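Take a look at the structure set out below.
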Amino acid sequence: MPGDPAAAPAPLPPPPPPSAAAGPAWRLLGTSREQLCLEFTLPTGQSFRWRRTGGGEFTGVVGRRVFQLRQDGGGGGDVAWRVIGRARGEDEARDEEALAEYLNLGVDLAALYAEWAAADARFAKVAPLIPGARMMRQDPVECLFQFICSQNNHISRIHGMVERLCSTYGTPLPLIDAGGGDVAEAAARAEQQQQQQQPAWEVGRKRSLSEVEAAACATAGGPGGGGPLAPEPEGDGGSGSGGDEAPGTPRGAAAAPPPSGDAPPPRRGRKGARAGGAAAERDAPSSSSGSSGGAGGETTAPEPFAAGAAAAAAAAAAAAGAAHFAFPTLDQLSAATEEELRALGFGYRSKFITGAAAALRARPGGGDAWLRALRGATAAEAAAALEELPGVGPKVAACVALFSLDKHDAIPVDTHVWQLATKYYARHLAGKSLTKKLHPEVAAAFVARFGERAGWAHSVLFISNLRQSQALMAGAGD
DNA sequence: CAGGTC
DNA sequence: ACTGG
């Protein structure tokens, strides 16, 4: 047990870098590491929209705002934040409110840890190594489509898919002109590091997540607290970062060379003809595109050019320099055709995306409201409703329920959670194989042990397992 | 062969 | 059965 509180490591730099760097000023969230650890929250599989953009710094989009977050290495590990991009119409005064909601800051995580530790000795043992693993509260639509993309997929690829979905169909988010005028620099930096991050959620990973963890959330007298707030704001200048100007993007659903392999095909940008950020600002108003009830293998082929237009607009904006995009709305998403998505590398998930978008839009009152209303439903109701959508099974449904619909007791059961369950929390299931019927049983086992926020607790255990396996692999030599 | 949904 | 490793 590395628990030596008094052993204050070293004098670490003060919380937020005043205004040394370019861009908006940083502000403090006022949280502790035990309440919020970015390293255990942002890149652990809940969302695929955050990327590392510097030492211990994360950049991601929340709603229609582009946030940057970094954890204070000193004191209690407060989180510094700022907004570097924002859609027109979004009130700056509400930035913090939006972030607080997204991070579920109203929930006292430390108190929950204490409860879970009291209820489970195993949790008590591993939890100190995984402080601040907080459940986020994402937008339901964004969460749903992210996890439809996640099936049968690796994290790195999911990241790419989600990014392509956003840059192709989503609204570009203009960077804030922070008076300084170094906005372009910030954009370039954020953009250049897009392939650097290494999420965790995946077990078989052989990369080292350890070093990164050590840097940010290593707590409990761990590795000297690392150097989170590296005093080197952004000295990294122009490392070319390779060609970002990929030629082909999805044209108007035309015949695009299917990127057979896994090579993440086109990124975005294509020819930077016009500096149009305005063009893509609209929401495809194609009202009801007639498609409905096609929940299955329906191939919608509404207006070919509508999709092309949306894609082209976003592509133009991207080429013009936009580096961040809001997740596409259902209207924007419905402009996508299966062929187009396949060309973008979504594979067989393409029909799930178009199918789910169509099915949602067919819901009375709109898919967005329909999904949001599930926040008021029971976990079982929400799961059942979600599983009506194409491409959504028990696992994806649980992810959406837990990560965006306030179903804090939902348990996404994948093979790793299954192992965890049969080994510790539902021994009677050992030996069996995971079938759809057993999902509820597994979930019930976790709830029985951890209570109404079992989903949150399960996340801590999951991350712990990742770390554990990685540590073993690192130590085993091979 | 591994993961999820059909 | 499907798909990417």
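Here is the naming used below: chain letters follow the sequence lines, and residue numbers restart at 1 for every chain. Computed from heavy atoms alone, side chains included, the values below leave out hydrogens, waters and symmetry copies. Quantities reported herein were computed from a predicted structural model and do not represent experimental measurements.
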From CD of A:Q419 across to C1' of B:dA2 the rounded distance in Å is 12 Å
Worksheet item: Do NZ/NE/NH1/NH2 and the carboxylate oxygens of A:D409 and A:R453 come within less than 4.0 Å?
Response: no
Does a side-chain N-to-carboxylate-O contact under 4.0 Å join A:R363 and A:E388?
-> yes
- Message: Do A:E340 and A:Y169 pair up side chain to side chain, a donor and an acceptor below 3.5 Å, judged on atom types alone?
- Response: yes
From CG of A:D414 across to P of B:dA2 the rounded distance in Å is 15 Å
*asked:* Quick test of your reading of the model: are A:R52 and A:E39 salt-bridged, counting only N-O distances below 4.0 Å?
replied: yes
A correct dot-bracket answer for DNA chain C, with pairs being Watson-Crick or G-U at under 3.5 Å, [ ] for crossing pairs and | for inter-strand pairs, is .|||.
* Evaluate the ring planes of A:H408 and A:W456, with Trp represented by its six-membered ring, and classify them as parallel (under 30°), tilted (30 to 60°) or perpendicular (over 60°). => perpendicular
Exercise for review: Considering only NZ, NE, NH1 and NH2 on the basic side and carboxylate oxygens on the acidic side, decide whether A:R134 and A:E34 come within less than 4.0 Å.
Suggested key: no
From CD1 of A:I353 across to P of B:dC6 the rounded distance in Å is 13 Å
To the nearest angstrom, the CD1-C1' distance between A:I148 and C:dT3 comes to 17 Å
Rounded to whole Å, NZ of A:K351 lies from P of C:dC2 at a distance of 9 Å
request  = Answer yes or no for A:R122 and A:Y424: cation-pi contact, defined as NZ/CZ to six-membered ring centre under 6.0 Å and angle to ring axis within 45°.
outcome  = yes
When rounded to whole Å, the CZ to P distance for the pair A:F147 and B:dT5 reads 12 Å
note: A:H416, atom NE2; B:dG4, atom P; distance rounded to Å ~ 8 Å
Whole-Å distance, A:F346 CZ to C:dC2 C1', equals 18 Å
Closest of B:dT5, C:dG5, C:dC2 to the A:K395 side chain is B:dT5
Taking C:dG5, B:dT5, C:dC2 as options, the one with an atom nearest any side-chain atom of A:Y348 is C:dC2
Which of C:dG5, B:dG4, B:dT5 is nearest the side chain of A:F352? It is B:dT5
